[in-house]
There are 2 protein chains.
Amino acid sequence: MNIKSDLPQGTLDLLILKIVALGPVHGYAIAQRLQQVSRDVVQVPQGSLYPALHRLENRGLLAADWKETETGREAKFYRLTRKGRAQLEAETASWGRLAEAVGLILRLSEGGAE
Amino acid sequence: MNIKSDLPQGTLDLLILKIVALGPVHGYAIAQRLQQVSRDVVQVPQGSLYPALHRLENRGLLAADWKETETGREAKFYRLTRKGRAQLEAETASWGRLAEAVGLILRLSEGGAE
DNA sequence: GTATAATGAGTAGAAGAACGAGGTATCGGC
DNA sequence: GCCGATACCTCGTTCTTCTACTCATTATAC
C-alpha cells in the first residue's frame with residue numbers, strides 16, 4: 001500500500017514541496033505528515049523519500065540545516081527556497097489542470113464519444 | 001507540453017483504457033481523441049503511445065483485430081477485455097482517492113498543520 | 001546492563017515508464 | 001514526383017521509484 005499502488009509517479013515532489021512550505025521539517029516527519037493528512041492514502045517509503053529530498057535539494061528547490069528535534073536527536077530540517085516556492089506554485093497549477101483534464105476524460109460516457 | 005511535463009507516469013494506461021472502453025479504436029485515434037477531449041492538455045507522443053498499447057495487450061487488458069478504417073487503411077482496433085474492464089474500474093477508483101488526497105494536501109494552510 | 005523498537009539518515013541496484021528520433025508504408029493534393 | 005497526413009512500429013536514453021539493505025541514536029522493556 002505504498003506509492004506504487006496508489007500514487008502515480010511525479011506527484012511525490014509536489015507533495016514534499018507542499019509539506020515543507022508549511023514550515024521547516026525533517027524528512028522522517030514529512031513522510032509521517034503526508035500519511036497522516038492523506039488518511040493513509042499516501043505512504044512514502046524511505047527509499048523513495050530520501051532520494052526525492054536529495055533531488056529537490058540538488059535542484060535548488062529545498063535547503064537544509066541540521067538541528068535538534070524536540071526528542072533530542074539531530075535531524076536535517078528542510079525549508080523551501082525562493083525557487084522552490086515558485087516551483088510549488090507552478091506544479092500546483094499544473095496539477096489542477098491535469099486533475100481537471102483526467103476527470104473530464106474519466107467522466108466520458110459511451111454516447112459522448114461517437 | 002507533452003505527458004512528461006504535465007502528466008505523472010502511470011496515468012497514461014488509465015486514460016487509454018478509458019478511451020478504448022468507449023468503443024473499439026485504433027492507436028492513432030486514441031491519441032487524437034485524448035488530445036481533443038482534454039482540450040490539448042494531454043498530448044501523447046507515438047513513442048509513448050505504442051509501447052503503452054503493447055504493454056496493455058501483453059497484460060491481457062486489451063485485445064486487438066486488424067480492420068479497415070473509414071479512410072480505407074488497415075488499422076489495429078483495440079477493445080477492452082473483461083480483465084481490462086475490471087482494471088479500468090479499479091484504476092478509476094484509485095485515481096479518485098488519489099486526486100482527493102492530493103487536493104486535500106494542497107489545500108492545507110500554514111496554520112492547518114501545526 | 002542489555003535487547004529491542006522507534007526514530008532519523010542514507011545508499012545500491014533493479015524495475016518500469018516515457019521520451020526523442022528514427023523507420024516503414026499508404027493515400028490525397030498539388 | 002513530392003509532401004503532408006494517416007497509421008504502424010522500435011531503439012536507446014533518461015528519469016523516477018521501489019526493494020532492500022546499512023548505520024547511528026534514543027527510549028523502553030526485561
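Numbers restart at 1 for each chain; the letters A, B, ... are given by sequence-line order, proteins then strands.
Residue N58(B) contributes atom CG, which lies 15 Å from atom C1' of dA17(C) at whole-angstrom precision. The CG atom of L53(A) sits 11 Å away from the P atom of dT11(C) (whole-angstrom rounding). To the nearest angstrom, C1' of dA9(C) lies 16 Å from CG of L62(A). One can place NE2 of H54(A) at 13 Å from C1' of dA12(C), the figure rounded to the nearest angstrom. Atom CD in Q43(B) sits about 15 Å away from atom C1' in dG20(C), given to the nearest Å. Between the OH atom of Y78(A) and the P atom of dA9(C) there is a distance of 7 Å, rounded to whole Å. Computed from coordinates, the L56(B) CG to dC9(D) P distance equals 13 Å when rounded to whole Å. Distance F77(B) CZ to dC8(D) C1': 13 Å, rounded to the nearest Å.
Nucleic acid contact for R55(B): sugar-phosphate only, since backbone atoms but no base atoms lie under 4.0 Å from a heavy atom of the residue.
Residues K18(A) and E89(A) are not paired through a salt bridge, judged by the lack of any N-O separation under 4.0 Å between the basic side chain and the carboxylate.
Here R79(A) pairs with D65(A) under the side chain to side chain donor-acceptor pair (under 3.5 Å) rule; sequence neighbours left out. In this view, Q36(A) satisfies the side-chain contact (heavy atoms from CB on, under 4.5 Å) rule with no residue, not counting sequence neighbours. Under the side-chain contact (heavy atoms from CB on, under 4.5 Å) criterion, T81(A) pairs with A63(A), K83(A), not counting sequence neighbours. With sequence neighbours left out, Y28(A) forms a ring pair (Phe, Tyr, Trp, His ring centres under 6.0 Å) with no residue at all. Under the side chain to side chain donor-acceptor pair (under 3.5 Å) criterion, R55(A) pairs with D13(A), not counting sequence neighbours.
Of the candidate nucleotides dT17(D), dC8(D), dA18(C), dC8(D) has the atom nearest to the side chain of W66(B).
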Name the pairs: protein N/O against N/O of nucleotides 4-7 of chain D, kept only if under 3.5 Å.
from: dT6(D); atom 1: OP2; to: Y28(B); atom 2: OH; distance (Å): 3.2
from: dA7(D); atom 1: OP1; to: T71(B); atom 2: OG1; distance (Å): 3.2
from: dA7(D); atom 1: OP2; to: H26(B); atom 2: NE2; distance (Å): 3.4

